[in-house]
Amino acid sequence: MKLSIETDVVEYIRNKMHAGDLIYLDFEDGDGPFANTGLSCRLDLSFRILLTPADYPVKGLEVYDETLVTALGPIKMKKSSARYLEDETQLVENKAMHTLQLKGKSGILATNIPVLRINKVIAGGNSGKISGC
């Protein structure tokens, strides 16, 4: 799978990154350390861009078993989420709504893709605190 990212979107995400951040294209399927719940009841496809510090605890990150080479650098994702994308997928800005979306040759694959920062939580375990960027 190939993920291309519009130049404006690359700059938008870079402006939210900290030095050394790792990037994840996360499909909210309830699997992995960033899941809010154990299952998902959504009817739409829900992807998000997650930024983590390089020293984020690795427990659970093995579910991100595919690396995409992009203009932002490597982006990790779950192989299982590739079924919802196309061989050539684009991350673009919906200029009318000022949101990010994933598009393929067939059209829009997912809308309203947030960019979120995952901060380490020192007390209380390895779970991360999610915040909007």
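Note that the structure is predicted; figures quoted are calculated from it, not measured.
- Follow the hydrophobic side-chain contacts under 4.5 Å out from V10 and you reach I13 in the same cluster.
- Here CE of M1 is found 5.0 Å from CG of L3. Values are rounded to the nearest 0.5 Å.
- The CG atom of L91 sits 9.0 Å away from the OG1 atom of T70 when rounded to the nearest 0.5 Å.
- Separating the CD1 atom in I118 from the OG1 atom in T52 is a distance of 8.0 Å, to the nearest 0.5 Å.
- Annotation: side chain of L102 is not in contact with side chain of Y84 (no heavy-atom distance under 4.5 Å).
- Using a 4.5 Å cut-off between side-chain heavy atoms of Ile, Leu, Val, Met, Phe, Trp and Tyr, with links allowed through other members, L68 and V92 fall into different hydrophobic clusters.
- In this view, K103 satisfies the side chain to side chain donor-acceptor pair (under 3.5 Å) rule with no residue, not counting sequence neighbours.
- The closest side-chain heavy-atom distance from Y56 to L22 is not below 4.5 Å.
- Residues meeting the side chain to side chain donor-acceptor pair (under 3.5 Å) test with T67, sequence neighbours left out: K76.
- Ring-plane geometry between F47 and F27 is classed as tilted, the angle between the planes lying from 30 to 60 degrees on a 0 to 90 degree scale.
- Looking at every heavy atom in both residues, G20 comes nearest to A54 through O-CB, 3.2 Å.
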Might you work through the side-chain contact (heavy atoms from CB on, under 4.5 Å) test for N112 and M97, ending with a clear yes or no?
-> CA-CA 9 Å; N112 200 21; M97 301 299 289; over 6 Å; no
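- A side-chain donor-acceptor contact under 3.5 Å links E62 to the backbone of G60.
- By the 4.5 Å heavy-atom criterion applied to side chains, L51 and H18 are not counted as neighbours.
- A salt bridge does not link D21 with K16: none of the charged nitrogens is closer than 4.0 Å to a carboxylate oxygen.
- The backbone N or O of K79 lies less than 3.5 Å from a partner atom in the side chain of D65, making a donor-acceptor pair.
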Pair L109-Q101, side-chain contact (heavy atoms from CB on, under 4.5 Å): steps then yes or no | CA-CA 7 Å; L109 305 172; Q101 54 186 211; over 6 Å; no
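- Under the side-chain contact (heavy atoms from CB on, under 4.5 Å) rule, Y24 has a single partner from L61, I49, I75, which is L61.
- In this structure the side chain of N94 never reaches within 4.5 angstrom of the side chain of T111, judged on heavy atoms.
- Applying the salt bridge (charged side-chain N to carboxylate O under 4.0 Å, His left out) test to pairs two or more places apart or on separate chains, those with a residue in residues 81-93 are E93-K95.
- Of the inter-residue distances, the one linking L25 atom CG with I5 atom CD1 reads 9.0 Å to the nearest 0.5 angstrom.
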